[in-house]
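Quick notes on the structure that follows.
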Amino acid sequence: MLDFLGTKQRTHTCGELRTAHAGQTVTIMGWVNRRRDHGNLIFLDLRDRYGMTQVVLDKDLSPDGHAKAEQARPEYVICATGAVRERGKDAVNPKMPTGEIEIAASELLILNDAKVPPFSPAEEAIGNEEVRLKYRYIDLRRPEMQHNFEVRHKVALAVRKYLSSQGFFEIETPFMTRSTPEGARDYLVPSRVHPGEFYALPQSPQLFKQILMISGMDRYFQIARCFRDEDLRADRQPEFTQIDLEMTFPQQETVFRVVEGFLAAAFKAVGIALPTPFPQITYDEAMRRFGIDKPDLRLPGLTDVREAFTVGQLETLAIDPALPIVAVRVPKVGELSRKEREDNRPLFDMRKGAKLIDDLKRLEKTFPEVVAKVRAAADANEHDLLVIVAGDPTHHIRASDTKLTGRLSEREIAVLSAAGNLRVELAKKYADRHGCFGVTDAVVGDPERETGLVEGSRAFRPIWVTDFPMFEYDEAEQQWMPAHHPFTSPHDEDMDRLVSDPASVRARYYDLAMNGLELGSGSIRIHRQDVQQEIFRALGMSDEEAKTRFGFFLEALQYGTPPHGGIALGLDRLVMILAGATSLREVIAFPKTAKAIDLMVDAPTPVSDAQLRELHIRPTKQ
RNA sequence: GGGGACGUAGUUCAGUUGGUUAGAAUGCUGCCCUGUCACGGCAGAGGUCGCGGGUUCGAGCCCCGUCGUCCCCGCCA
């Protein structure tokens, strides 16, 4: 029943034939997307990565081919040879790029059959992720998935090309290494040769890339796999890919220009113009204006409306005059009903003393002039949703005024971040009303879009967030902790306050945010041994402890370390944004479930006792 | 570790207050069909209602447990 391929060769893909090919005899191969059987006339849609082409089997023209086509079923692998024929006017399918032609097959080979698939790649929407992941090879046949991986490939290629053009070497670093100072749990690899000892899979190539700078490699990059044994989210997988780079003698701006360069190149590769340079904002300003350290610029920011209130009014309304009072505006959402407001309450975090005024109509009855001022300040019209977030003066639990993070107090941050999160949550909930998020899908969701840059697209809004605080106060441990890894350099002019006022010390640390997602983060590193020691001491770490934990690196630092810095960007997240997807699973070929299981290969699994014995491992019983 | 949603035909789902034989669409199988493109027509097959226990005369539906998928919190410097 099945045919041998013999010496047949594919002459064209299923996506490239046009009317210009009419008259040519061609051979195409692909999967049966759909079969339409009209008795003596059978249509087969052949699908491959490049597209779909209609093959016609006419019993008069090719009785053998027609007989084969009768046996063909969805997902059978077919080889069709025949003449390209322009379709009659009434037979043109304007929905298909190849819809003006068809192949009048003179010969049809069934190269392979297929079991009835659990779902069809030809179907538009499929829900069950469990089935999709188990039969991932079928899921990946879907045009949407193939498009996602085309985007992923083009982005990676553009990044490589650009960085290479800027003098960066792509250098690999080990997968089997030792635990590094990152904060996540390690995946461990037992050593057979060294009983009881383990390698760790890298959470990032952080220390290796710094050592490459010490090694004089000048500019390094890597599209690097990273591993972190933490619980998953829609935007977090246990193994993920970073565009990792490091350079010698940079200013912060030097790093920014490089990243802007390769991102612009990557976006251009998928047909989108990304204007550079990207805007910048300090951490403090981001918190004040957006209530979050990864602002989504597609939405209006928070508005400071303190001035709209008199001291007396604040007292009547039980609002803390010392804390920020901000308006959250969501365009075009309109007034909410009492029930809608009720439903939205869980979106607001009042645990740390923030308070929400979500019924401006009611407030307007008592204080019409206040509401008028708030509306004016927030630039709101009657079609916008507007709420006010302020501080609750009766709330003094835990949050303190004295322990500062940067120049904002913990209580100020509590109010601002409650407002900032509400802003994002409301926008997500009413996305279909304000339409600020919609453009993304329209721009890149169309696999057929091949040409034409979307000039200055407002769908993708990157922003640098700079000057993060160097330290965070850990309430549980009652001590200052590095907000990032301990090799991040503080600002030169903040150095003298390391001990006296750690809260005010700014790090030369930066994030790149896009559309409310953290795309990447980096820093200018510490390159001097004496500074590094000071930082460790500021963190309450003894010289001995530092030596045990990072000895090899501290040693390396002493052999002529140049100033250096870099950044790492999440490739998966970047592609996710470009693909308009909401989960990393849509842009990772073989992802894991929320419980870190690979449903296709069924991993992890128990291993044999012999294997464990060899590795000197004895599992503990539950 | 915690919270929430979901689990019924291959797939997507419906299933009333707990009541007789669990439905639809699609897919699948067979037959018919020479211009379809989500082809159409006729006929048919297809169910451990995730799993285990309980309540009840009677459970897809109620209760307890458990497993799985997804989302969130914690966690992820």
Side-chain angles (χ1 to χ4, degrees), chain A residues 33-47 52-61 66 69-70 73-75 85 87-96 98-100 102 104 114-135 138-139 180-186 203-204 206-207 226-238 240 346-347 349 351 421 425 428 468-472 474 476 481-488 507 509 511 518 521-523 539 568 570 582-583 585 591-597 599 602:
Chain A
N33 198 60
R34 281 209 166 83
R35 183 179 69 119
R36 290 177 296 281
D37 187 344
H38 288 236
N40 289 329
L41 192 70
I42 298 174
F43 299 97
L44 295 177
D45 291 336
L46 241 52
R47 184 196 68 235
M52 212 144 59
T53 299
Q54 173 167 287
V55 178
V56 192
L57 279 304
D58 192 324
K59 200 169 191 175
D60 298 336
L61 214 86
H66 180 270
E70 278 185 323
R73 292 291 179 274
E75 301 312 307
R85 183 165 73 190
R87 297 200 201 176
K89 245 191 183 152
D90 298 340
V92 166
N93 184 351
K95 282 183 269 184
M96 290 171 68
T98 61
E100 288 182 66
E102 63 192 4
K115 286 171 72 175
V116 175
F119 59 92
S120 163
E123 250 157 75
E124 295 289 324
I126 25 159
N128 192 342
E129 279 218 57
E130 218 170 327
V131 185
R132 284 181 61 197
L133 289 174
K134 179 165 182 199
Y135 300 94
I138 297 172
D139 191 35
T180 46
E182 279 100 23
R185 234 172 264 123
D186 284 319
Q203 295 174 28
S204 81
Q206 183 62 36
L207 290 178
C226 306
F227 307 86
R228 294 179 192 175
D229 185 6
E230 297 293 344
D231 288 339
L232 286 76
R233 289 284 187 282
D235 61 352
R236 270 165 33 190
Q237 282 273 315
F240 58 99
L347 304 180
D349 179 10
R351 282 173 302 182
N421 287 328
E425 292 301 322
K428 275 186 193 160
F468 275 73
M470 184 82 183
F471 303 103
E472 280 169 353
D474 187 324
M481 303 285 285
H484 320 290
H485 69 68
F487 306 104
T488 298
Y509 180 97
D511 269 7
E518 184 194 313
S521 54
S523 62
L539 294 170
T582 53
S583 162
R585 291 184 300 276
K592 293 181 177 56
T593 69
K595 286 239 171 77
I597 305 271
L599 288 176
D602 184 27

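For clarity, every value in this text was computed on a predicted model and none was experimentally measured. Reckoned from all heavy atoms, side chains included, excluding hydrogens, waters and symmetry mates. Letters go in sequence order (proteins before strands), and every chain restarts at 1.
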ask   = After noting the C-alpha distance and the side-chain angles of Q203(A) and D186(A), does the key distance pass the side-chain contact (heavy atoms from CB on, under 4.5 Å) rule?
value = CA-CA 7 Å; Q203(A) 295 174 28; D186(A) 284 319; 2.6 Å; yes
- Task: I would like to know whether S120(A) and R34(A) meet side-chain contact (heavy atoms from CB on, under 4.5 Å); could you show each step before the answer?
- Result: CA-CA 10 Å; S120(A) 163; R34(A) 281 209 166 83; 5.6 Å; no
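Using atom P as the reference point in both G68(B) and A25(B), the two lie 35 Å apart (nearest Å). Nucleotides G41(B) and G53(B), compared at atom P, are 46 Å apart to the nearest Å. Annotation: U20(B) and G58(B) have their P atoms spaced 15 Å apart (nearest Å). Rounded to a whole angstrom, the distance from the C1' atom of G54(B) to that of C61(B) is 15 Å. Comparing the same atom, P, in G10(B) and in C28(B) gives a spacing of 14 Å after rounding to whole Å. Atom name P, nucleotides C70(B) and G27(B): the rounded distance is 28 Å, in whole Å. For the C1' atoms, the distance linking C64(B) with G19(B) amounts to 24 Å, nearest Å. Nucleotides C76(B) and A38(B) place their C1' atoms 44 Å apart, quoted to the nearest Å.
For D90(A) against G35(B), a side-chain-to-base donor-acceptor contact under 3.5 Å is absent. R87(A) contributes a side-chain N or O that forms a donor-acceptor pair with the base of C37(B) under 3.5 Å. For D37(A) and C33(B), a side-chain-to-base donor-acceptor distance below 3.5 Å is present, hydrogens and geometry of angles not being considered.
The nucleotide C61(B) finds no pairing partner, because no Watson-Crick or G-U wobble arrangement with both distances shorter than 3.5 Å includes it. Summarising the base pairing, U17(B) is matched to no nucleotide, lacking a Watson-Crick or G-U wobble pair whose two defining distances lie under 3.5 Å. Nucleotide U69(B) is matched to A5(B) when pairs are restricted to Watson-Crick or G-U wobble geometry with both distances under 3.5 angstrom. Judged by Watson-Crick or G-U wobble contacts below 3.5 Å, the nucleotide G44(B) has C28(B) as its partner.
In terms of phosphate contacts, K95(A) brings a side-chain nitrogen or oxygen within less than 4.0 Å of OP1 or OP2 of A38(B). Residue R228(A) places at least one side-chain N or O under 4.0 Å from the OP1 or OP2 atom of A77(B). OP1 or OP2 of U69(B) has not a single side-chain nitrogen or oxygen of R585(A) nearer than 4.0 Å. Phosphate contact (OP1/OP2 of C37(B), side-chain N/O of N93(A), threshold under 4.0 Å): absent. Neither OP1 nor OP2 of G27(B) sits under 4.0 Å from any side-chain N or O of R35(A). For R36(A), a side-chain nitrogen or oxygen approaches OP1 or OP2 of C39(B) to under 4.0 Å.
Among the heavy atoms of the strands, none lies under 4.0 Å from E425(A). Using a 4.0 Å heavy-atom distance criterion, Q54(A) is classed as a base contact. A594(A) comes within 4.0 angstrom of the backbone, heavy atoms only, and of no base. R34(A) comes within 4.0 angstrom of sugar-phosphate atoms only, judged by non-hydrogen atoms across all strands, and of no base. In this structure, K59(A) reaches neither bases nor backbone, as no heavy-atom distance under 4.0 Å exists between it and the strands shown.
What separates NZ of K115(A) from P of G27(B) is a distance of 20 Å, to the nearest Å. Rounded to a whole Å, the CZ atom of R233(A) is 16 Å from the C1' atom of U69(B). Atom CG in L232(A) sits about 11 Å away from atom C1' in C75(B), given to the nearest Å.
Residue E129(A) has its side chain nearest to U69(B) when only U69(B), U34(B), G74(B) are considered.
Under the stacking criterion of a centre-to-centre distance below 5.5 angstrom and an interplanar angle below 30°, H38(A) sits stacked against the six-membered ring of C39(B).
Side-chain N or O atoms of Q237(A) include none that pairs as donor or acceptor with a backbone N or O of P591(A) at under 3.5 Å.
The distance from atom CE of M52(A) to atom CG of L44(A), rounded to the nearest 0.5 Å, is 12.0 Å.
A salt bridge links R35(A) with D37(A): at least one charged nitrogen is closer than 4.0 Å to a carboxylate oxygen. Salt bridge present: E230(A) and R185(A) bring a charged side-chain N and a carboxylate O closer than 4.0 Å.
Residues I597(A) and S521(A) each lie close to RNA chain B; by heavy-atom proximity, the contact nearer the 5' end of the strand is made by I597(A). Closest-nucleotide positions on RNA chain B for T582(A) and E130(A) were compared, and the one nearer the 5' end corresponds to E130(A).
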